[in-house]
Amino acid sequence: MSTPVGSGSIVVGIDGTSTAVAAARWAGAVANRLHVPMVLLGVVPSVDHPLSVAAGATTNLMPELRAAVRDRLERARQAVLSDHPQVDIHIVTEDGAPAHELIEHSASARMVVVAANVGDRLSTLLLGSTALTVANKAPCPVVVWRGREDQPLPDERPVLVGVDGSPGSSAAVAQAFELAAALDVEVIALHVWNDPDLLQWIPAPGDWATLATQEKELLSERMAGWSEKYPDVRVTKAIQKGTPTQVLLERANDAQLVLTGSRGHNRLTGLFVGSTSQNLLHHAPHPVIICREQ
């Protein structure tokens, strides 16, 4: 990484696709509300990178490739400025691998935004993708942006956050309240419970009601203090029995973005299960924000 990113910037990966430009416009709206700068990052694959080899790139072609990347970045910058002229935008060009450079910049970033292109759903099953790699390894919140390219800006719909009590989930709750306050929208705090380890302790079906009450109390404990910190943010607490991925995806249809911890955990044992965030990245219809404990 040759160019450092200022602390607190929103870093957006620009790869020349229309989806990446839409993601940049979304990030620009968030940067405007949070009053933070943006960095549009373009990566030129090195000569020995598989993408460059496949394209027949040589050392002599690298200046042309860099110029093409800078042109893409400038077009993305103009798209953001057309929405929010006051946003402070920096253009950064790096040589290397996109995922690696984004992860390097994430060390000092406020958040990293990566577009999820249509092909990512297939490529992640076979070879992996930039979006998936960055979401798995970046230390800051990672937005995997998917949505309507003709309407990429935030709207009045709520933000949905999954609450399971894990450190990553706590970070997601904090991020959800900050974004909801900035966007002036509601937070839906969703706790999904269906713990197989609890079944052996339930002597009769009627005790599910008691367990549901306990889960409601657990959610209230996890949310304590946030309404005091953000008194203007409307909050809806939701409890639902089911599979976390399925319930979050169902609820995501009525939200504008979904936030979750990088990994959930079993409520009693603390063991990682880790599939919810991965499934959301593949299937959620809107942007997904993956958060880790800082």
Side-chain angles (χ1 to χ4, degrees), residues 5-15 17-41 73 75-92 102 105-116 131 134-135 138-162 171-188 226 229-230 232-234 252 255-261 280-281 284-292 294:
V5 175
S7 177
S9 298
I10 296 179
V11 179
V12 187
I14 302 296
D15 59 8
T17 64
S18 58
T19 309
V21 174
R25 292 181 62 194
W26 179 90
V30 174
N32 181 59
R33 295 294 188 95
L34 293 176
H35 307 291
V36 298
M38 283 184 69
V39 172
L40 301 180
L41 175 64
L73 292 170
R75 290 200 300 268
R77 188 176 80 91
Q78 292 301 324
V80 175
L81 290 176
S82 66
D83 297 323
H84 302 286
Q86 65 274 34
V87 174
D88 183 17
I89 305 175
H90 303 271
I91 286 179
V92 175
L102 284 165
H105 280 276
S106 72
S108 59
R110 170 67 180 74
M111 68 173 61
V112 170
V113 181
V114 188
V134 174
C140 71
V142 175
V143 182
V144 178
W145 194 92
R146 182 183 288 115
R148 292 185 56 178
E149 294 181 14
D150 59 334
Q151 296 181 5
L153 302 183
D155 53 42
E156 71 284 353
R157 290 175 296 171
V159 299
L160 173 67
V161 58
V173 171
Q175 184 75 74
F177 271 89
E178 184 174 18
L179 286 175
L183 300 175
D184 191 24
V185 297
E186 177 186 7
V187 169
I188 297 178
W226 289 108
K229 186 174 182 179
Y230 294 93
D232 296 330
V233 174
R234 304 177 301 279
Q256 63 173 305
L257 59 91
V258 183
L259 298 97
T260 182
L280 287 172
L281 291 179
H286 308 303
V288 174
I289 303 183
I290 305 297
C291 301
R292 285 181 174 78
Q294 297 301 307

Side chains of residues 174-188: which donor-acceptor pairs under 3.5 Å do they make with residues two or more places apart or in other chains?
| unit_1 | atom_1 | unit_2 | atom_2 | d |
| --- | --- | --- | --- | --- |
| Gln175 | OE1 | Arg110 | NH1 | 3.2 |
| Glu178 | OE1 | Arg110 | NH2 | 2.6 |
| Glu178 | OE2 | Arg110 | NH2 | 3.4 |
| Glu186 | OE2 | Thr236 | OG1 | 2.2 |

Which atoms form the tightest heavy-atom contact between Arg292 and Pro139, and what is the distance?
-> CB-O, 4.2 Å
What's the spacing between Met111 CE and Cys291 SG if we round to 0.5 Å?
-> 8.0 Å
Which value, rounded to the nearest 0.5 Å, describes the distance between Arg33 atom CZ and His84 atom NE2?
-> 7.5 Å
With Val134 as partner, the option from Val114, Val144, Val113 fulfilling side chain to side chain contact (heavy atoms under 4.5 Å, CB included) is Val114
Between Val87 and Ala31, which heavy-atom pair has the shortest distance, and what is it?
-> CG1-CB, 4.3 Å
Which distance, rounded to the nearest 0.5 Å, do you find between the CG of Leu280 and the CD1 of Ile290?
-> 6.5 Å
Smallest heavy-atom separation, Pro287 atom then Val143 atom, equals CB-CG1, 4.1 Å
Closest non-hydrogen atom pair, Thr19 against Ala115 = CG2-CB, 3.6 Å
Between atom CG of Leu41 and atom CG of Asp15, what is the distance when rounded to the nearest 0.5 Å?
-> 11.0 Å
Given Thr260 and Val161, is the side-chain contact (heavy atoms from CB on, under 4.5 Å) satisfied, shown in steps?
-> CA-CA 6 Å; Thr260 182; Val161 58; over 6 Å; no
Does the side chain of Val288 reach to within under 4.5 Å of the side chain of Arg146, using non-hydrogen atoms?
-> no
When rounded to the nearest 0.5 angstrom, what distance separates CZ in Arg77 from CD1 in Ile89?
-> 6.5 Å
Measure the shortest side-chain to side-chain distance between Val12 and Met38 over non-hydrogen atoms and say whether it is less than 4.5 angstrom.
-> yes
Just by modelled atom types, is the Arg157 backbone N or O under 3.5 Å from a matching donor or acceptor in the Gln256 side chain?
-> yes
Kindly indicate whether the side chain of Leu160, heavy atoms from C-beta on, has any atom under 4.5 Å from the side chain of His286.
-> no
Over all heavy atoms of both residues, which pair between Val80 and Gly28 is shortest? Give the atoms and the distance, please.
-> CG1-CA, 3.8 Å
Do Val11 and Ser106 have side-chain heavy atoms sitting under 4.5 Å apart?
-> no
Check: Ala22 main-chain N/O paired with Glu149 side-chain donor or acceptor under 3.5 Å | no
Rounded to the nearest 0.5 Å, what's the gap from CD1 on Ile289 to CG on Leu281? Could you check?
-> 11.5 Å
